There are 2 protein chains.
Amino acid sequence: MSLSTERGKLQPADKPTLYKQIRIDIERRILTGEWPPGHRIPFEHELMSRYGCSRMTVSKALSELAQADLIERRRKAGSFVRRPTFLSAVLKIADIRAEINALGRSYGYELIQCSRRTANAADRARLGAGKTGKVIAIACRHSADGVPFAIEDRLIDLDAVPEAAAADFAAEPPGSWLLHHVPWTEAEHSISAIVADEQAAAALDIAIGAPCLVIDRHTWRSARPLTAVRLLYPGESHKLIARFKGSLEG
Amino acid sequence: MSLSTERGKLQPADKPTLYKQIRIDIERRILTGEWPPGHRIPFEHELMSRYGCSRMTVSKALSELAQADLIERRRKAGSFVRRPTFLSAVLKIADIRAEINALGRSYGYELIQCSRRTANAADRARLGAGKTGKVIAIACRHSADGVPFAIEDRLIDLDAVPEAAAADFAAEPPGSWLLHHVPWTEAEHSISAIVADEQAAAALDIAIGAPCLVIDRHTWRSARPLTAVRLLYPGESHKLIARFKGSLEG
DNA sequence: CACGATTTTATGTATAGACATATAGAGACG
DNA sequence: CGTCTCTATATGTCTATACATAAAATCGTG
């Protein structure tokens with residue numbers, strides 16, 4: 001409140017609509033700790049009189065805060081500050097080609113192996129779901145400026161993604177192809193560290209025993225497994241960045 | 001549409017309010033690719049007549065989709081499907097104590113070293129910002145059922161977090177203490193892989209040369225650095241899970 | 001006191017209407 | 001043909017009102 005400055009005009013490039021003002025106000029109190037987790041936000045009717053507006057307006061502000069997971073709304077009880085999903089962050093895993101291009105380096109791609117087969121027990125276990133028919137198994141390598149960047153080992157469920165049968169994975173990396181042709185609803189990433197074995201070391205041109213970052217990604221559409229991929233990055237050179245930012249200043 | 005089953009009753013635990021129905025409907029079309037990125041969503045007045053409701057209702061659905069970054073709304077032009085933030089996912093990094101407790105294992109904590117000093121050049125570089133006064137440097141170890149789980153190496157800016165001077169980090173892990181006492185607005189995680197050196201191997205009770213997952217986390221409040229921490233996990237045993245889930249199914 | 005029924009209340013959804021605002025596209029003009 | 005202005009229009013915000021719904025609080029009864 002009374003954030004008005006000594007300037008006569010308000011902040012120039014601002015659009016201080018009322019509901020947004022209320023949202024920012026409450027958000028500020030939460031993020032500064034003035035209203036700690038568990039604290040009950042004033043009732044809508046209190047906010048109505050405090051800001052001199054209708055219930056729809058404060059409700060809109062509270063709804064957005066709820067959608068952003070900052071507060072929890074409970075009928076009859078009120079709205080409460082949520083324990084921030086504290087150490088959760090948005091992990092951006094760019095498409096490898098885009099990632100390398102963004103670094104201003106030239107992208108290189110090599111298909112190492114690509115075969116189609118009826119799913120065996122290991123394939124089924126890896127894809128996670130029951131009876132699978134045919135799958136495509138792909139091994140390939142991504143490089144930046146000619147230096148190995150990551151190796152990829154992928155399995156695609158051909159029943160779930162029949163279009164993949166017609167794709168030319170020698171010309172286009174499977175990750176990019178899937179991104180542009182196959183919509184998905186759920187993905188899970190598992191990140192771990194291993195040391196390079198002989199094969200990985202050779203493919204990545206690093207020493208045996210050097211650390212590697214591993215990303216295992218599974219992708220589903222409506223609970224149906226589409227693809228499973230393991231990406232191996234030379235561990236010291238590559239970093240994944242995850243960032244969390246409150247929307248206070250955004 | 002027409003997801004109704006052969007059962008006479010609708011889905012029991014469902015609350016198919018109209019605006020949510022509209023939201024799910026549009027979301028489905030986007031996620032299945034029926035409406036690809038760039039596609040113009042029907043105008044609000046079209047949706048009004050299609051669903052037979054008021055503009056506020058369709059607007060609420062569209063607003064939520066916009067807040068979820070699935071569509072972009074432009075005055076006069078309409079609403080458009082955004083290119084999904086494709087490979088971004090929510091990375092959940094739980095508080096270590098909570099994480100271990102969640103696994104049903106007993107949490108152990110040992111403070112290895114804790115000292116206060118005037119920030120040196122390395123400290124300033126690590127915290128990222130300019131002139132820092134005093135800092136607290138902490139080294140500690142987390143264990144699960146007596147087995148080393150992770151080692152932590154942390155720096156806290158005492159000027160930004162003066163309360164930390166009074167905290168007893170022998171009794172409470174710095175991560176937990178900070179979580180409960182210090183609000184923050186931004187955090188960045190950098191994930192990489194290294195092999196254990198002699199010191200890390202000893203602290204984690206693993207072999208020298210064994211892979212380790214490293215998380216470097218920096219935390220700010222309104223762009224001011226609060227703390228920088230490096231967590232070292234035995235790489236094969238530990239996995240970070242990041243999950244993306246569309247809200248299609250709830 | 002324990003337990004089930006009833007009331008109260010804060011949020012959830014929805015409406016019709018109003019005005020604001022940005023801007024794409026049309027028309028005017030040089 | 002380029003540029004400028006104007007206008008039509010889709011979204012953005014807000015109101016006052018209405019009824020639905022879940023759950024806390026209260027009451028009543030055994």
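In this text the structure is predicted, and so the values were computed from the model without any measurement. In what follows, chains carry the letters A, B, and so on, assigned in the order in which the sequence lines appear, proteins first and then strands, with residues in each chain numbered from 1.
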*Asks:* Determine, for B/E152 against B/R217, whether the closest basic-nitrogen to carboxylate-oxygen distance falls under 4.0 angstrom.
*Replies:* no
*Asks:* Name the nucleic acid region contacted by B/L18, choosing base, sugar-phosphate or nothing; use a 4.0 angstrom heavy-atom cut-off, strictly under.
*Replies:* sugar-phosphate
*Asks:* What integer distance in Å separates B/M56:CE from C/dC19:P?
*Replies:* 17 Å
*Asks:* Checking B/R74 against B/F80: charged group under 6.0 Å from the ring centre and within 45 degrees of the axis?
*Replies:* yes
*Asks:* With side chain to side chain donor-acceptor pair (under 3.5 Å) as the criterion, how do B/Y51 and B/Q21 come out once you've worked through the C-alpha distance, each side chain's angles and the decisive distance to 0.1 Å?
*Replies:* CA-CA 10 Å; B/Y51 291 95; B/Q21 191 56 45; over 6 Å; no
*Asks:* Nearest whole angstrom, please: distance from the P of C/dC19 to the CZ of B/R75.
*Replies:* 17 Å
*Asks:* Which whole-number value in Å describes the distance from A/R74 CZ to C/dT9 P?
*Replies:* 18 Å
*Asks:* Calculate the interatomic distance between A/K60 atom NZ and C/dT13 atom P; express it in whole Å.
*Replies:* 14 Å
*Asks:* Under 4.0 Å from any atom of DNA chain C, heavy atoms only: list the residues of residues 38-47 of chain B that qualify, in numerical order.
*Replies:* none
*Asks:* In terms of ring plane angle, is the pair B/H142 and B/Y107 parallel, tilted or perpendicular, where the classes change at 30° and 60°?
*Replies:* tilted
*Asks:* Rounded off to whole Å, could you give me the CG-to-P distance for the B/L62 and D/dA10 pair?
*Replies:* 14 Å
*Asks:* I need the CD-C1' distance between B/E72 and D/dT11, as an integer number of Å.
*Replies:* 13 Å
*Asks:* Could you work out which one of D/dT13, C/dT13, C/dA16 sits closest to the side chain of A/R55?
*Replies:* C/dT13
*Asks:* What is the distance, to the nearest angstrom, from the CE atom on B/M48 to the P atom on D/dT11?
*Replies:* 11 Å
*Asks:* What is the separation between atom OH on A/Y51 and atom C1' on D/dT13, rounded to the nearest whole Å?
*Replies:* 17 Å
*Asks:* Tell me which of B/R73 and A/C53 sits closer to the 5' end of DNA chain D, going by the nucleotide each one is nearest to.
*Replies:* B/R73
*Asks:* Side chain of B/Y19, heavy atoms from C-beta onward: which of C/dA14, D/dT13, C/dT15 has the nearest atom to it?
*Replies:* C/dA14
*Asks:* Ignoring backbone atoms, test whether A/T57 places a side-chain nitrogen or oxygen under 4.0 Å from the OP1 or OP2 oxygen of D/dT13.
*Replies:* no
*Asks:* Would you tell me if any nitrogen or oxygen in the side chain of B/K20 comes within less than 4.0 Å of OP1 or OP2 on C/dT13?
*Replies:* yes
*Asks:* Among C/dT11, C/dA16, D/dT13, which nucleotide sits nearest the side chain of B/S59?
*Replies:* D/dT13
